[in-house]
Amino acid sequence: MMGIILLGPPGAGKGTQAKKLTEAFSIPQISTGDMLREAVKAGTELGKRAKSFMDAGGLVPDEVVIGIVKERLSAPDCGEGFILDGFPRTIPQAEALDRVTGELGKEIRFVLSLDVDRKELMERLCGRRTCTACGAMYHVAFHPPKAPGKCDKCGGPLIQRDDDKEETIKNRLVNYNKATAPLLDYYKGTGKIRTVMASGEIDAIYASIVKILQ
Ligand code: AMP
């Protein structure tokens, strides 16, 4: 059972690395951010509830995200493992995850802490572009698409996420430091934490993650 948590501030590369890992290890990426954005797009009750928190760069209430993750982890494709990207983000979420994995007979093997300095995070987030059709991610300077504004993979239109605007980003970083950074302490005693130096090239960072997992 390869249960993995990707921990790190917004812009640390959790989504980028998760997408590469799902292909290599054939286990699904569970991104609460992606699931919430889909719910907002589809206009479901969940989406309506989550939208205002997301637009402000705040955190969606614990019970909402815990419910989504619990349901998702119960799906058959999580049998061999899963990559949690953006969850848990608070101590109560981490406690709930411990309960849920226990109930489902699943286990977290590694907590990968992606470490990037703040200046680089801002650069990454401000230049980030996301495909509205398939979710692929680009960066105007560091990882530009072949044709401007168009996804290499599916041809879909690239946009800047609403919460990737400078003011919202600052809020997201503040919330990270306040609510999510304490998770490093939460997992410290478990022997599962591995720190990944996550500045620089995507492929080099990926290689160091694979080394840890093997
Ligand atoms: P992300 O794509 O992971 O950056 O998530 C985008 C936004 O979705 C966050 O800024 C939060 O508003 C919300 N969100 C995603 N995951 C969580 C979570 N585990 N707990 C609370 N809010 C979340």
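Both ligands and their constituent atoms are indexed starting at 1 by order of listing.
- A salt bridge links Glu166 with Lys170: at least one charged nitrogen is closer than 4.0 Å to a carboxylate oxygen.
- Residue Gly58 approaches ligand 1 through these ligand atoms, each under 4.0 Å from one of its heavy atoms: 10 (O), 11 (C), 12 (O).
- Contacts of Val60 with ligand 1, taken as heavy-atom pairs under 4.0 Å, involve both backbone and side chain.
- Side chains of Asp115 and Thr195: no donor on one and acceptor on the other come within 3.5 Å.
- What sits closest to atom 16 (N) of ligand 1 on the protein, heavy atoms only, is Thr32 OG1, 2.8 Å.
- On a distance-only criterion, Phe87 and ligand 1 share no N/O pair closer than 3.5 Å.
- The nearest protein atom to atom 13 (C) of ligand 1, hydrogens excluded, is given as Leu36 CD1, 3.6 Å; this is a heavy-atom distance.
- In this structure, Arg37 counts as a contact residue of ligand 1, since one of its heavy atoms falls inside 4.0 Å of the ligand.
- Taking the ring axis of Tyr206 as reference, the NZ or CZ atom of Lys20 stays within 45° of it and closer than 6.0 Å to the ring centre.
- Annotation: Lys165, atom NZ; neighbour count of heavy atoms from other residues, nucleotides and ligands within 6.0 Å is above 12.
- Counted by atom type alone, Tyr186 and Asp98 present one or more donor-acceptor pairs between their side chains at under 3.5 Å.
- Distances between N or O atoms of Asp85 and those of ligand 1 include no value under 3.5 Å.
- Closest to atom 8 (O) of ligand 1, if we only count protein heavy atoms, is Met54 CE, 3.5 Å.
- Salt-bridge formation is not detected for the pair Lys106/Glu80: no Lys NZ or Arg NE/NH1/NH2 atom is positioned less than 4.0 Å from an Asp or Glu carboxylate oxygen.
- Residues Lys119 and Asp117 are not paired through a salt bridge, judged by the lack of any N-O separation under 4.0 Å between the basic side chain and the carboxylate.
- From the protein, the heavy atom lying nearest to atom 15 (C) of ligand 1 is Arg89 NH1, 3.4 Å.
- One finds no salt bridge joining Glu38 and Lys41 here, because no Lys/Arg side-chain nitrogen approaches an Asp/Glu carboxylate oxygen to under 4.0 Å.
- Within the 4.0 Å heavy-atom criterion, the part of Gln93 lying near ligand 1 is the side chain and not the backbone.
- Not a single heavy atom of Gly57 lies less than 4.0 angstrom from ligand 1.
- Annotation: Gly86 places an N or O atom under 3.5 Å from an N or O atom of ligand 1; distance criterion only.
- Contact check on Asp164 versus Arg124 returns no salt bridge, with no Lys/Arg side-chain nitrogen under 4.0 Å from an Asp/Glu carboxylate oxygen.
- Under 4.0 Å from ligand 1, the heavy atoms of Val65 that appear belong solely to its side chain.
- Only side-chain heavy atoms of Arg161 come within less than 4.0 Å of ligand 1; its backbone N, CA, C and O stay farther off.
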